[in-house]
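One structure is given here, and the rest of the page talks about it.
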Amino acid sequence: MTLPRPARQGETTSIDTEFFGQRKGRLHRPEGTFACLSIAYSPTEVYQVFDASDLRAAIERISPGLWVGHNLMYDIRQLRRFVDIPQRPVFDTMMMDQDLWGGYYRDFGLDDASRRWLGRRLEKEARDLFGKATTMTPEMVEYAATDAVRALEVMQAQRAYIAENEMEMRHYWEVDEPAMWAFLDFEPVKIDVDGWLKLAQENEQEAARLEKELGFNTMSPKQVIDAVKKQTGRTIKDTNAKDTLEPLADELRRQKRDRQAEFVDALLDVRRLRKMSSTYGRTWVDKYVEAGGLVYADWHVTAAETGRSSCSSPGLQQIPTRRVTHFRKLFVSKHKNGRMVIADQNQQEPRIMAWWSKDDALRGALLAGRDLHQEAADDFNLTRREGKDVNLGLGYGMSAEGLASRARIPLDVAEAGIRRRNGRYPMAAIWIGNQMNRGASMGHVSTSMGRRVWLNLYGMQWQRNAINAPIQGTAAEQTKTWLVLLHHECRRLGLPFRVCLQVHDELVADAAAGESRQYSKLLRECGVQSGRIVVPNMPMAVGLAIGPTWGSKE
DNA sequence: TGCCCTGGCGC
DNA sequence: GTACGTGCCAGGGCA
């Protein structure tokens with residue numbers, strides 16, 4: 001038995017766990033049998049625990065230390081199978097790298113960090129040995145120890161860099177790190193499996209029937225280009241719906257070639273239906289739904305370069321809701337007489353733009369509840385629905401040219417509309433210009449809590465990122481702060497943490513019978529409070545809906 | 001089989 | 001010369 005020596009208070013204590021029989025791509029589902037816990041206080045002082053029955057004593061000994069590790073969500077989730085691990089500040093070298101290098105790097109494995117910070121390669125081949133093995137070989141023991149030591153060395157390099165650059169890292173310590181603990185406590189979400197399978201089958205049959213009528217594979221860009229050529233005589237560069245096929249259908253209709261336009265419409269319909277039935281069909285249930293109709297997704301606290309969270313296996317943030325709402329109606333409460341409480345930040349990104357730019361007109365319009373989408377529609381001579389798309393696009397830094405082609409309006413109308421907007425919200429226009437200048441001179445832009453988003457000044461895209469990143473990134477910080485406050489309040493009140501979904505500006509809690517009023521209140525209060533922290537002086541507002549399913553609107 | 005590309009969904 | 005930001009995922013097509 002090799003228990004670690006007790007950690008001193010706050011001593012950096014690097015930990016790394018290994019398990020036998022973990023399936024690839026399911027690392028967020030703690031499974032397999034315990035193989036090893038490696039603990040490194042320094043490159044030369046490493047302890048390793050190989051017996052699960054020693055875990056409790058080992059964890060107790062290292063408890064006073066500051067835990068360090070690469071992707072600690074994995075280790076904590078696994079260790080919680082054996083020992084209760086309450087929330088505590090941790091130094092996660094992966095999260096720290098993401099928080100330092102958003103926009104600069106894409107890959108954040110320990111091998112990447114080792115190469116970048118230490119200039120040393122790290123072999124990860126031995127990792128695959130754990131999948132099938134049941135006992136540790138000397139090679140595996142060495143691998144496990146090396147990982148713990150390397151994470152410790154990476155941490156030291158990161159810490160030195162942060163000190164040198166006098167960075168506060170509020171976005172790590174006040175946002176992402178505590179948010180990790182909230183995501184660790186996310187509940188699974190329940191699916192109405194019978195309803196889902198029924199819907200999947202209907203979609204599948206309908207897609208097959210309609211595609212048979214068309215007579216070619218609508219998922220093959222190659223075949224679609226050929227079919228369009230044959231049916232309409234037109235040569236298209238790609239088969240993108242928004243950029244190519246929908247404009248083509250419009251044009252054909254203008255030319256009174258209705259049958260050809262209908263052909264393009266039919267092709268688009270079939271393709272969408274096929275996409276839907278393949279993505280959300282029987283295989284979705286087979287892959288992701290576990291006992292009791294429960295789905296345990298893999299939440300990533302900081303996945304996007306702006307700091308946004310993401311979700312995979314399955315991607316619950318992309319469940320359709322605009323064209324069809326039936327899938328979200330199949331996300332139901334786990335509890336008898338339970339209610340889904342759905343909360344979203346009202347006009348989150350426009351409010352953040354108003355906060356950044358200190359534009360009184362925009363701020364006033366938002367606080368007065370003016371309809372900005374209708375305003376955009378009027379500016380560009382569009383429907384309200386299209387006006388909403390325009391606002392979204394302009395928020396993402398869309399140019400007049402991009403707007404003209406996207407909204408299918410003449411370039412001069414787009415330019416005039418943007419001028420009118422800039423006249424109405426002059427400080428916002430100035431802020432956009434300032435962001436460009438700042439980005440060009442610093443190579444990065446920043447969010448409210450201090451996250452840097454690096455720009456690739458050699459590309460063509462950095463201008464749009466310079467505008468979008470501070471807005472999207474600050475929004476992400478607000479939503480994560482919302483989550484953190486709620487998590488904290490639940491613990492303080494002794495209330496179970498019921499959140500099961502986060503969709504950028506939206507949180508969903510699956511409240512048990514009798515809890516929904518209290519949850520609504522908490523979601524609203526924490527949502528408003530998160531605004532006071534992240535965007536002081538710009539009031540934020542929360543919208544609420546309560547019902548039996550995620551698709552409920554009230 | 002693995003990888004890249006295309007296309008489509010969310011915000 | 002480009003053209004709307006960020007992700008996740010499925011199928012086609014090719015090495």
Side-chain angles (χ1 to χ4, degrees), chain A residues 25 102-103 106 207 211 216-225 236-246 267-284 287-288 297-325 327-328 344-345 347-350 352-353 388-407 411 414 435 445 453 455-456 459-473 475-476 478-479 501-507 550:
Chain A
R106 240 156 219 299
E211 187 159 87
F216 62 94
N217 183 352
T218 56
M219 298 303 281
S220 163
K222 217 174 179 175
Q223 292 186 38
V224 169
I225 289 172
I236 50 177
K237 60 173 171 52
D238 58 42
T239 69
N240 186 279
K242 274 258 174 299
D243 296 337
T244 306
L245 290 174
E246 285 173 12
L267 141 65
L268 283 167
D269 284 345
V270 177
R271 201 169 61 183
R272 272 192 280 266
L273 198 56
R274 267 202 64 186
K275 177 77 182 178
M276 199 151 287
S277 65
S278 61
T279 304
Y280 303 110
R282 185 172 294 274
T283 50
W284 193 92
K287 278 173 79 170
Y288 303 123
D298 192 4
W299 294 93
H300 313 275
V301 182
T302 50
E305 60 190 43
T306 55
R308 262 193 182 180
S309 307
S310 76
C311 177
S312 60
S313 302
L316 295 176
Q317 294 175 318
Q318 294 88 232
I319 302 295
T321 186
R322 291 182 193 173
R323 276 193 179 79
V324 293
T325 57
F327 289 106
R328 288 197 182 195
D344 72 317
Q345 291 286 332
Q347 303 264 33
Q348 189 184 34
E349 295 198 359
I352 289 169
M353 164 70 104
K388 188 175 174 184
D389 288 343
V390 166
N391 276 339
L392 204 65
L394 289 172
Y396 297 150
M398 188 166 53
S399 62
E401 288 86 352
L403 178 59
S405 84
R406 198 68 170 189
L411 182 57
Q435 282 306 114
V445 290
V453 181
L455 306 167
N456 174 13
M460 298 293 296
Q461 207 153 275
W462 69 267
Q463 288 97 334
R464 281 181 292 286
N465 282 359
I467 302 161
N468 177 242
I471 295 175
Q472 189 179 106
Q478 195 216 337
T479 299
L501 292 160
Q502 185 262 42
V503 194
H504 308 306
D505 65 348
E506 173 185 5
L507 294 181
W550 187 16

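Reminder, nothing fancy here: chain letters follow the sequence lines and each chain counts from 1.
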Scanning all shown strands, the Watson-Crick or wobble mate of C/dG1 with both distances under 3.5 Å is none
OP1 or OP2 of C/dG11 sitting under 4.0 Å from any side-chain N/O of A/Arg274? no
Rounded to whole angstrom, note down the P distance from C/dG5 over to B/dT6. 16 Å
Lys/Arg N to Asp/Glu carboxylate O, A/Glu246 vs A/Arg272, below 4.0 Å: yes
Please measure how far the P atom in B/dC5 lies from the corresponding atom in C/dA3, and state the result in whole Å. 16 Å
Name the pairs: protein N/O against N/O of nucleotides 1-3 of chain C, kept only if under 3.5 Å.
none

If you check every side-chain atom of A/Ser310, which of B/dT6, C/dG7, C/dA10 has the closest atom? C/dG7
In whole angstrom, give the distance that lies between atom CH2 of A/Trp284 and atom P of C/dG11. 15 Å
Remember a base hit wins even if backbone is also touched, and classify A/Ser278 as base, sugar-phosphate or nothing at under 4.0 Å, heavy atoms. sugar-phosphate
It should be established whether A/Asn217 places a side-chain nitrogen or oxygen under 4.0 Å from OP1 or OP2 of nucleotide C/dG12. yes
Taking only side-chain nitrogens and oxygens of A/Lys388, does any of them come within less than 4.0 Å of OP1 or OP2 of B/dC11? no
Can you identify which nucleotide, out of C/dC9, B/dC11, C/dG11, has its nearest atom closest to the A/Ser312 side chain? C/dC9
Using a 4.0 Å heavy-atom cut-off across all strands, classify A/Thr283 as base, sugar-phosphate, or nothing. nothing
Is any side-chain N or O of A/Arg322 closer than 4.0 Å to OP1 or OP2 of B/dC11? yes
A/Gln318, nearest nucleotide to its side chain (from C/dG7, C/dG5, C/dA10): C/dG7
